[in-house]
Amino acid sequence: MSLKDMIFDKTPIPTLAKGLDAFSRRQRSIAHNLANIETPGYQRRYVRFEEELKSVLDSKNAALKVTSEGHLPFTNGLFDKLEGTIFTDQETPPINGVNNVSLDQEMADLATNNLHYQTSARLIRLYFDGLRNAIRGGGAS
């Protein structure tokens, strides 16, 4: 077991990092949708991450608590597969007469995604700030 495994894999950092990856993937999907807003027949793409995360957290394996080294790991590898899957929206009918991309919806999704990304990045930074303070003895930086 490496030092990285011992320090970081038992923290929220891997999950937050997965979130950053998924939010980046969603950003690219939104940009792709906006770039094709006038492309006839184009079908909107979207990323599902929150549903996948909730599914992992609600599963029985995620509920295990590690109270001894002999116990099963907390995530049981479930978070390793979490990445945010890209889907194509084939159910929404054409909105603008050309395809099913709505400028208003994409801009709203872009703003929401940006907030999620910034929040995750801030939480990671706060964790590392706390770790740095602990290494330095807890004093002011």
Legend entry - side chain to side chain contact (heavy atoms under 4.5 Å, CB included) partners of Leu123, counting only residues at least two apart: Leu16, Thr119

Legend entry - Set of residues satisfying side chain to side chain donor-acceptor pair (under 3.5 Å) with respect to Gln43, sequence neighbours excluded: none

Legend entry - Heavy-atom side-chain contact between Ile37 and Tyr42 under 4.5 Å: no

Legend entry - Heavy-atom pair with the smallest gap, counting every atom of Asn113 and Ile30: CB-CD1, 4.4 Å

Inset, instruction - Determine, step by step, whether Asn36 and Val101 satisfy the side chain to side chain contact (heavy atoms under 4.5 Å, CB included) criterion, reporting the C-alpha distance in whole Å, the side-chain angles of both residues, the deciding distance to 0.1 Å, and the verdict. - result: CA-CA 8 Å; Asn36 287 288; Val101 178; 5.8 Å; no

Legend entry - More than 12 heavy atoms from other groups under 6.0 Å of CD on Glu51: yes

Legend entry - Partner set under salt bridge (charged side-chain N to carboxylate O under 4.0 Å, His left out) for Glu106, not counting sequence neighbours: Arg44

Inset, instruction - State plainly whether one hydrophobic cluster holds both Ile135 and Phe128, where clusters connect Ile, Leu, Val, Met, Phe, Trp and Tyr through side-chain heavy atoms under 4.5 angstrom apart. - result: yes

Legend entry - Residue list, side chain to side chain contact (heavy atoms under 4.5 Å, CB included) with Glu50, at least two apart or on another chain: Phe23, Arg26, His116

Legend entry - Within-4.5 Å side-chain heavy-atom neighbours: Gln27 and Leu110: yes

Legend entry - Pairing residues for Tyr117 by the ring pair (Phe, Tyr, Trp, His ring centres under 6.0 Å) criterion, not counting sequence neighbours: none

Inset, instruction - Taking the side chain as every heavy atom from C-beta outward, state whether Leu20 and Ile124 have any pair of such atoms under 4.5 Å apart. - result: yes

Legend entry - Partners passing side chain to side chain donor-acceptor pair (under 3.5 Å) against Asp129 (at least two apart in sequence or in another chain): Arg132

Legend entry - Within the 6.0 Å centroid threshold, strictly below: His32 and Tyr46: no

Legend entry - By side chain to side chain contact (heavy atoms under 4.5 Å, CB included) - contacts of Ile86 (at least two apart): Arg25, Ser29, Arg45, Val47

Inset, instruction - Quick one: list whatever passes side chain to side chain donor-acceptor pair (under 3.5 Å) with Asp89, sequence neighbours left out. - result: Thr92

Legend entry - Shortest non-hydrogen contact between Gly84 and Ala22, atoms and distance: CA-CB, 4.4 Å

Inset, instruction - Kindly indicate whether the side chain of Asn96, heavy atoms from C-beta on, has any atom under 4.5 Å from the side chain of Leu103. - result: no

Inset, instruction - List in chain and number order the residues that pass side chain to side chain contact (heavy atoms under 4.5 Å, CB included) with Ser102, two or more places apart in sequence or in another chain; answer none if no residue qualifies. - result: Ile95, Asp104, Gln105

Inset, instruction - Applying side chain to side chain donor-acceptor pair (under 3.5 Å), name anything that partners Asn100, two or more places apart in sequence or on another chain. - result: none

